[in-house]
Amino acid sequence: MKSRIVKNYIYKFIMVVLALLMLIATILLIRANYPIVDHFMFNIVMLGFVTLIIISIFIFNKVDLNCKKNEIIILMVLIGLMILLRLLSRMLLKTEPISDFLTPSEFYLYYDTNGPYTLGDHLDGYQLYYSRYPAWYTYMRIVRIVYDVLGYNINHILNMNIILNILTVIVIYLIGRKAFTKQIGYIACGLYGLSPSMIIYAGITTPDHFTMLLFAIIAYAWVNMNQYRNNDKKLFYKWLVITIISAVSINLFKPVSILFLLVFLCSEIAVVIVPNIKNIKTVIKENYNVWLVFISTFFIATTLCTIFLKVDIKAFLKTDTVNSTPFYIFLGSTVDDEGNYSDHIGFIESAKIYEKYGEDQEGAMNEFSRLAKEQIYRNRRLIPKILLQKYQYTMASEYSYWGFANTSSIDEYTEELNKIILPFFFLIGNSYLLILYLGIFLAAIFLIYNKKVNYDMSILSLIIIGYLSVLIFGADITRSDAEAI
């Protein structure tokens with residue numbers, strides 16, 4: 001009995017942390033100064049979103065969702081609508097890849113023109129780039145395969161993005177159906193698939209589309225793993241392996257797989273060990289095999305994945321990879337003259353350091369490490385302010401999504417879209433975010449006061465909290481993967 005009480009308090013504490021994060025995000029979004037957004041229209045659009053959600057719930061309650069035919073029809077309608085919106089967005093924005101988003105396509109043409117690399121050559125820009133950021137290497141290889149099979153056309157990559165989005169939406173529906181109800185599954189995949197940010201993000205060539213799908217698969221596998229833990233050991237270990245493989249595979253596109261090991265350890269300590277601390281010997285005896293299999297399999301799979309990536313980069317690009325963690329720490333701790341977080345200044349300074357050291361990658365990383373330590377110590381009193389600003393950039397700003405999507409090849413067209421479409425995008429996008437954050441906040445409050453605790457929600461919340469922590473303590477300020485959860 002005491003064990004269950006302690007467990008419930010731990011669940012509720014996780015919900016309190018999630019509720020606080022969503023409340024802060026809501027306040028930051030409301031306080032954000034968007035002069036192009038009309039506040040009256042903002043309230044009207046928000047009311048429209050709420051009305052649509054209420055109508056959807058009403059329809060779901062009237063429709064027999066136990067009928068397989070109805071289930072498929074509703075899902076197909078949602079998927080069809082999401083595809084239509086993405087195609088319309090592509091036609092309207094005419095997005096041309098820039099910066100990192102263009103590099104895989106540029107490299108495809110460069111490699112086909114110049115041929116394979118040979119040992120002993122001086123490292124060119126592409127070798128240096130992929131050795132520093134191997135998370136983009138796997139994506140580049142996939143882009144090459146697509147171009148080899150279908151021909152060089154950026155639309156093939158954009159179509160691949162839509163396919164990945166569809167798969168992500170289906171998995172999100174399965175999570176909602178498995179952990180909660182079919183109604184919640186439909187609402188969840190609708191909120192993700194019809195998100196304004198995700199609609200225009202489909203026009204951007206980035207490995208994040210693979211990462212979002214893998215995040216959703218991990219969450220779905222984890223829900224299944226937990227539900228079978230005490231009922232069917234064979235199915236439990238099957239889903240445990242799928243969880244680990246998915247978590248490790250994320251490292252091929254974004255180096256965050258360690259997050260899921262930490263979530264596993266935290267959940268086991270909080271849910272299994274702490275509530276039963278008086279019977280610790282029995283707890284260890286009953287769960288030893290689970291812990292051993294998860295941790296050992298995770299490390300073995302991570303090691304194999306890392307070795308495979310390094311060997312393939314060495315064979316294809318004839319260069320070694322470098323640990324770029326110091327660069328990201330440096331970037332994530334850079335401030336401007338007024339003490340405000342500024343990754344823009346960080347990128348400018350990092351370009352100078354890379355130019356200074358040339359092919360000496362280790363020398364550049366040692367320099368980043370030294371500068372990062374100096375920055376963190378010098379700005380230690382500003383750390384709370386910096387973290388809050390980074391959280392705001394992550395959760396209360398749509399500028400990055402629009403900025404990367406509104407990059408047509410005709411400057412005049414891009415500027416015209418900024419005048420005509422941008423106000424509507426922010427109006428709809430910010431309204432959507434506010435509804436999303438308030439919805440999660442209210443759901444967390446409901447679960448705090450609800451006597452029945454949903455363990456699956458606690459795990460999903462831990463993943464969200466962990467990933468948001470990675471975002472605000474790191475330098476990769478993007479909310480896209482968190483939205484999938």
Asker: Is it the case that the ring center of Trp239 lies less than 6.0 angstrom away from the ring center of Tyr220?
Answerer: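 So the answer is yes for these two rings.
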Asker: Output the distance between atom CG (Leu252) and atom OG (Ser257), rounded to the nearest 0.5 Å.
Answerer: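 Here the rounded value is 9.0 Å.
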Asker: Starting at CD1 of Ile74, measure out to SG of Cys189 and round the result to the nearest 0.5 Å.
Answerer: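 That separation rounds to 9.5 Å.
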Asker: Between Tyr108 and Asp148, does any side-chain donor sit less than 3.5 Å from a side-chain acceptor?
Answerer: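 The criterion, which ignores hydrogens and geometry beyond distance, is satisfied for Asp148 and Tyr108.
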Asker: So, Lys314 and Asp320, do they make that salt bridge, N to O below 4.0 Å?
Answerer: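 A salt bridge is present here (some side-chain N lies under 4.0 Å from a carboxylate O).
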Asker: Both conditions, 6.0 Å and 45 degrees, for the charged tip of Lys12 above the ring of Tyr9: are they met here?
Answerer: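 No - Lys12 does not lie over the ring of Tyr9 by the 6.0 Å and 45° rule.
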Asker: At what distance, to the nearest 0.5 angstrom, does CH2 of Trp222 lie from CG of Leu462?
Answerer: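 So the gap between those two atoms works out to 8.5 Å.
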Asker: Quick test of your reading of the model: are Asp112 and Arg144 salt-bridged, counting only N-O distances below 4.0 Å?
Answerer: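 Yes.
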Asker: Run the numbers on Val223 and Ile459 for side chain to side chain contact (heavy atoms under 4.5 Å, CB included), then give the verdict.
Answerer: CA-CA 8 Å; Val223 167; Ile459 292 297; over 6 Å; no
Asker: Within the 4.5 Å heavy-atom criterion, are Thr205 and Leu102 side-chain neighbours or not?
Answerer: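 Side-chain contact under 4.5 Å: no.
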Asker: Check Ser246 against Ile218 and note the closest heavy-atom contact, atom names and distance.
Answerer: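 Scanning both residues completely, I find the closest heavy atoms to be CB-CG1, 3.4 Å.
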Asker: What closest approach, in Å, do Gly193 and Ile199 show between heavy atoms, and which atom pair accounts for it?
Answerer: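 Scanning both residues completely, I find the closest heavy atoms to be O-CG1, 4.1 Å.
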Asker: So does Asp343 pair up with Lys390, basic N to acidic O under 4.0 Å?
Answerer: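 Not counted as a salt bridge, because no side-chain N and carboxylate O are separated by less than 4.0 Å.
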Asker: So, taking the atom named NZ in Lys178 and the one named CG in Asn226, what distance separates them when rounded to the nearest 0.5 Å?
Answerer: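 Here the rounded value is 11.0 Å.
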Asker: May I ask you to test the Leu388-Leu28 pair for a side-chain heavy-atom distance under 4.5 Å?
Answerer: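 A side-chain contact exists here, since the closest heavy-atom pair is under 4.5 Å.
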Asker: Parallel, tilted or perpendicular: which one describes the rings of Tyr126 and Tyr110, with boundaries at 30° and 60°?
Answerer: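 Taking Tyr110 first and then Tyr126, their aromatic rings sit tilted (interplane angle of 30° to 60°).
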Asker: My understanding is that only residues two or more places apart in sequence, or in another chain, count here; which of them pass side-chain contact (heavy atoms from CB on, under 4.5 Å) with Thr334?
Answerer: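 In terms of side-chain contact (heavy atoms from CB on, under 4.5 Å), with neighbours along the sequence ignored, Thr334 is linked to Phe330, Ile345, Gln375.
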Asker: Would you tell me whether Tyr130 and Thr321 have side-chain atoms, one donor and one acceptor, within less than 3.5 Å of each other?
Answerer: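 No.
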Asker: Could you tell me which residues satisfy side-chain contact (heavy atoms from CB on, under 4.5 Å) with Asn153, sequence neighbours excluded, listed by chain and number?
Answerer: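 By the side-chain contact (heavy atoms from CB on, under 4.5 Å) rule, Asn153 matches Asn155, His156.
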Asker: Run the ring-centre check on Tyr133 versus Tyr129 and record whether the distance is less than 6.0 Å.
Answerer: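 Yes, close enough.
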Asker: Are the side chains of Met365 and Val322 in contact, using a 4.5 Å heavy-atom criterion?
Answerer: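 Val322 reaches Met365 side chain to side chain.
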Asker: Is any side-chain heavy atom of Val290 closer than 4.5 Å to a side-chain heavy atom of Phe264?
Answerer: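 They are in side-chain contact.
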Asker: Do Phe368 and Tyr354 make the cut of ring centroids closer than 6.0 angstrom?
Answerer: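 Aromatic pair counts; centres sit under 6.0 Å.
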Asker: Checking Thr181 side chain against Ile184 main chain: does a donor-acceptor pair fall under 3.5 Å?
Answerer: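 Yes; at least one donor-acceptor contact below 3.5 Å.
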Asker: Just do the side chain to side chain contact (heavy atoms under 4.5 Å, CB included) check on Leu317 and Ser131 with the steps written out, would you?
Answerer: CA-CA 9 Å; Leu317 296 176; Ser131 64; over 6 Å; no
Asker: Who pairs with Ala405 by side-chain contact (heavy atoms from CB on, under 4.5 Å), at least two apart in sequence or on another chain?
Answerer: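 Partners of Ala405 under the side-chain contact (heavy atoms from CB on, under 4.5 Å) test: Leu93, Thr95, Ile200, Ile204.
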Asker: Less than 4.5 Å apart, side chain to side chain, heavy atoms only: is that true for Met198 and Tyr401?
Answerer: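 Sidechains of Tyr401 and Met198: in contact.
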Asker: The test is ring pair (Phe, Tyr, Trp, His ring centres under 6.0 Å); show your working for Tyr228 and Tyr237 and say whether it passes.
Answerer: CA-CA 9 Å; Tyr228 289 117; Tyr237 282 110; over 10 Å; no
Asker: Salt-bridge test for Glu355 and Lys352: reply yes if a basic N is under 4.0 Å from a carboxylate O, no otherwise.
Answerer: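 Result for this pair is no, no salt bridge flagged.
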Asker: Judged by modelled atom types alone, do Asn287 and Arg229 share a side-chain donor-acceptor pair under 3.5 Å?
Answerer: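 The criterion, which ignores hydrogens and geometry beyond distance, is satisfied for Arg229 and Asn287.
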Asker: Quick one: does Leu85's side chain get under 4.5 Å of Ser89's, heavy atoms only?
Answerer: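 Sidechains of Ser89 and Leu85: no contact.
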Asker: When the ring centroid of Phe260 is compared with that of Phe298, is the distance short of 6.0 Å?
Answerer: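 Ring centres of Phe298 and Phe260 not closer than 6.0 Å.
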Asker: How about Phe316 and Tyr117: are their ring centroids closer than 6.0 Å?
Answerer: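 Not under 6.0 Å, so no.
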Asker: Quick check: do His209 and Thr206 have side-chain heavy atoms less than 4.5 Å from each other?
Answerer: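 Yes, close enough: below the 4.5 Å cut-off.
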Asker: Taking the side chain as everything from C-beta on, heavy atoms only, tell me whether Phe236 gets closer than 4.5 Å to Asn224.
Answerer: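 No, every pair of side-chain atoms sits at 4.5 Å or beyond.
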Asker: Would a line drawn from the ring center of Phe253 to the ring center of Tyr139 be shorter than 6.0 Å?
Answerer: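 Not close enough - the centres of the two rings lie 6.0 Å or further apart.
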Asker: Say you draw a straight line from NE2 of His344 to CD1 of Ile348; how long is it, rounded to the nearest 0.5 Å?
Answerer: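 Those atoms lie 3.5 Å apart.
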Asker: Can you tell me how far the CZ atom of Arg90 sits from the CD1 atom of Ile154, to the nearest 0.5 Å?
Answerer: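 If I round to the nearest 0.5 Å, the distance is 9.5 Å.
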